[in-house]
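Chain letters run A, B, ... following the sequence lines, proteins first, then strands; residues in each count from 1.
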2 protein chains.
Amino acid sequence: MYRQFGNIDYRNGNAAVGSDSLTITQSGQLDALVALERIGTRLSFSRNAEIYAEGDGADCWYKVISGTVRVCKLLADGRRHIAEFCFGGDWFGIDNSGERPYTAEAVDDVIVMRFQRRGAEQLMQHNPVVASQLCDTMLRDLANAHGRTLLLGRMTASERVATFLLEMFDRGDRAKALDLPMSRTDIADYLGLTIETVCRTLSLFKRDDVIAIPNPHRIELLDRDALEAVSEA
Amino acid sequence: MYRQFGNIDYRNGNAAVGSDSLTITQSGQLDALVALERIGTRLSFSRNAEIYAEGDGADCWYKVISGTVRVCKLLADGRRHIAEFCFGGDWFGIDNSGERPYTAEAVDDVIVMRFQRRGAEQLMQHNPVVASQLCDTMLRDLANAHGRTLLLGRMTASERVATFLLEMFDRGDRAKALDLPMSRTDIADYLGLTIETVCRTLSLFKRDDVIAIPNPHRIELLDRDALEAVSEA
DNA sequence: CGCCAGTTTGACCAAGATCAACGCAAGTGG
DNA sequence: CCACTTGCGTTGATCTTGGTCAAACTGGCG
């Protein structure tokens with residue numbers, strides 16, 4: 001899942017800014033990649049910096065190069081909701097509304113690629129490979145979002161936390177140890193719980209030797225089967 | 001929102017079955033419509049009939065012509081989750097996974113248009129108008145799904161029911177009276193509540209003269225402002 | 001008329017929220 | 001180098017919202 005458009009290392013920084021030469025061959029994946037790369041700009045943000053705010057004009061699309069982004073919303077009375085976390089390779093900020101419906105913030109230090117929406121849309125029009133890859137990304141996001149409605153609508157606290165941990169393990173390098181970039185509050189707002197419930201549930205899993213927590217941001221997976229049994233569905 | 005591809009009346013039944021002539025001009029909306037229509041099949045289902053089941057092969061896309069469809073999932077222990085209700089004009093069953101992740105059922109008597117996925121995808125490749133319209137549909141669905149994660153993750157029972165009612169009123173003909181095709185159980189499973197909580201909340205709104213309920217499936221809007229105040233966010 | 005499916009209402013219960021205190025490690029300033 | 005602060009994280013006690021269980025109601029239909 002995720003990590004669209006393969007493994008080109010953007011970090012070497014050969015991206016040109018907004019070149020508008022859209023004379024692009026309608027051929028393979030690599031061309032699609034190069035084409036996209038040519039119209040993007042690299043940007044970096046430090047921990048908790050705002051990438052864009054709810055209400056801003058939605059004239060750009062973004063792709064995470066490194067770090068973690070949270071897409072969230074603050075309600076009038078202080079309740080907060082995190083719609084998604086985005087990691088290296090994930091797209092965010094793709095919507096066809098005029099205004100941003102959510103805010104995007106850097107969870108830790110983040111590097112992103114920013115694409116002018118106009119340019120990207122033109123690219124899609126002219127290059128079916130880019131179009132179908134972006135389409136796939138959207139369909140994956142949609143499936144993801146539906147999975148989350150199930151989680152939020154019908155799962156208990158333990159099921160939510162177990163599902164979250166497995167998701168994080170599977171997105172990382174599938175090692176036994178996991179470094180969570182986000183705080184407990186972030187996790188709570190992502191799972192529709194309170195920070196206390198998240199803590200208690202993690203402590204519960206620790207007590208039952210399902211996970212170990214050497215420090216708050218590091219989780220070690222001791223018993224995947226147990227976690228999967230809790231997460232079930 | 002929704003109701004893609006305008007107002008052609010499919011009910012008159014001039015749809016041909018699976019004609020594969022994809023020699024289509026790259027021009028206006030109407031052509032896109034005609035092109036799509038030519039590769040679709042009309043089907044009808046009666047109340048509670050299954051349109052497709054979780055686990056089936058996902059080789060078709062669907063569009064509702066008339067009636068209401070629920071896209072849902074039954075968990076092992078009996079909990080049920082409704083991902084979305086689809087009304088006339090809405091697409092459903094568009095996903096790029098091999099197997100259906102959800103079941104689709106007719107809420108009431110339903111007529112749908114079914115499209116072979118292969119054909120529709122080819123059509124998208126060759127006809128950018130169809131492609132971008134389907135893309136828009138997906139983006140709308142995605143925004144919708146994110147809205148629902150907010151509702152399910154952070155809203156109280158009253159807020160959920162108020163939001164649901166407003167959504168239903170706004171999707172209908174915006175008259176003061178609304179006929180809900182779905183049962184209380186359906187509403188509950190859509191809002192992540194129990195049937196009892198849905199009933200109690202509706203009774204509460206009735207007691208406060210926000211709505212009237214002449215019969216269980218008919219809701220009249222007496223005080224939209226009050227409902228919007230509860231739904232807030 | 002009596003049954004049936006769906007809805008409504010009431011009494012009680014529990015999962016998770018809220019409120020509060022404490023722990024702990026990383027700064028910071030004297 | 002060591003008090004003091006600050007920002008998280010953890011744990012405990014209590015409360016509330018919404019769930020569970022149960023009974024009554026309603027309209028349609030054989």
Side-chain angles (χ1 to χ4, degrees), chain A residues 46-48 70 75 77-82 105 107-108 151-165 178-208 211-219 230, chain B residues 46-48 68 70 75 77-82 107-108 151-165 178-208 211-219 230:
Chain A
S46 50
R47 191 170 122 83
N48 288 327
R70 65 171 169 261
L75 302 194
D77 59 0
R79 281 176 288 181
R80 195 178 68 145
H81 170 66
I82 294 184
E105 296 164 343
V107 171
D108 47 10
L151 178 122
L152 295 169
R154 284 289 176 236
M155 289 191 158
T156 64
S158 305
E159 289 167 345
R160 295 182 199 197
V161 173
T163 305
F164 172 76
L165 288 177
L178 170 67
D179 274 303
L180 294 174
M182 70 289 284
S183 68
R184 296 287 187 266
T185 308
D186 284 341
I187 299 174
D189 291 341
Y190 182 64
L191 297 179
L193 300 170
T194 58
I195 179 176
E196 293 93 334
T197 301
V198 171
C199 273
R200 273 188 259 271
T201 308
L202 287 172
S203 300
L204 199 88
F205 289 159
K206 186 172 78 175
R207 188 174 60 66
D208 295 345
I211 58 172
I213 313 181
N215 74 63
H217 282 273
R218 169 159 282 244
I219 310 268
V230 175
Chain B
S46 49
R47 192 169 122 81
N48 289 326
T68 305
R70 65 171 169 261
L75 302 194
D77 58 0
R79 283 176 288 182
R80 194 177 68 144
H81 170 68
I82 295 185
V107 171
D108 47 9
L151 179 120
L152 294 169
R154 283 290 177 235
M155 290 192 159
T156 64
S158 305
E159 288 168 346
R160 294 182 200 197
V161 174
T163 305
F164 172 76
L165 288 176
L178 169 66
D179 273 303
L180 294 174
M182 70 289 284
S183 68
R184 296 287 187 266
T185 308
D186 284 341
I187 299 174
D189 291 340
Y190 182 64
L191 297 180
L193 300 170
T194 59
I195 179 176
E196 292 94 333
T197 301
V198 172
C199 274
R200 273 188 260 271
T201 308
L202 286 173
S203 300
L204 199 89
F205 289 159
K206 187 172 80 175
R207 189 175 60 65
D208 295 345
I211 58 172
I213 313 181
N215 73 65
H217 283 273
R218 170 158 281 245
I219 310 267
V230 175

| Distance, rounded to the nearest Å, where A:Leu191 contributes CG and C:dA15 contributes P | 19 Å
| said: Rounded to whole Å, please give me the gap between CZ in A:Arg79 and P in C:dT18. | reply: 10 Å
| said: Assess whether a salt bridge exists between B:Arg154 and A:Asp189, defined as any Lys/Arg side-chain N lying under 4.0 Å from an Asp/Glu carboxylate O. | reply: yes
| remark: Between CZ of A:Arg207 and P of D:dT10 the distance, given in whole Å, is 15 Å
Taking N or O atoms only and anything under 3.5 Å, show me the protein contacts with nucleotides 4-11 of chain C, one pair per line.
unit_1: C:dT7; atom_1: OP2; unit_2: B:Arg184; atom_2: N; d: 3.3
unit_1: C:dT8; atom_1: OP1; unit_2: B:Arg184; atom_2: NH2; d: 3.3
unit_1: C:dT8; atom_1: OP2; unit_2: B:Arg184; atom_2: NE; d: 2.7
unit_1: C:dT8; atom_1: OP2; unit_2: B:Arg184; atom_2: NH2; d: 3.4
unit_1: C:dT9; atom_1: OP2; unit_2: B:Ser203; atom_2: OG; d: 2.3
unit_1: C:dG10; atom_1: N7; unit_2: B:Arg200; atom_2: NH1; d: 2.9

| Can you find a heavy atom in the side chain of B:Tyr190 that is under 4.5 Å from one in the side chain of B:Thr185? | no
| query | Thinking salt bridges, do B:Asp108 and B:Arg47 make one under a 4.0 Å N-O criterion? | reply | no
| Rounded to whole angstrom units, what separation is found between the CG atom of A:Leu193 and the P atom of C:dT18? | 11 Å
| request: Using whole Å, report how far CG of B:Leu152 lies from C1' of C:dG16. | output: 17 Å
| said: With heavy-atom distances below 4.5 Å as the criterion, would you say the side chains of B:Pro181 and B:His217 are in contact? | reply: no
| NZ/NE/NH1/NH2 to OD/OE distance under 4.0 Å, A:Arg80 and A:Asp186 | yes
Please set out all donor-acceptor pairs under 3.5 angstrom arising from side-chain atoms of residues 195-208 of chain B, sequence neighbours excluded.
unit_1: B:Thr197; atom_1: OG1; unit_2: B:Thr194; atom_2: OG1; d: 3.1
unit_1: B:Thr201; atom_1: OG1; unit_2: B:Thr197; atom_2: O; d: 2.6
unit_1: B:Ser203; atom_1: OG; unit_2: B:Cys199; atom_2: O; d: 2.9

| Can you check the B:Asp77 CG to D:dG19 P distance for me, whole Å? | 15 Å
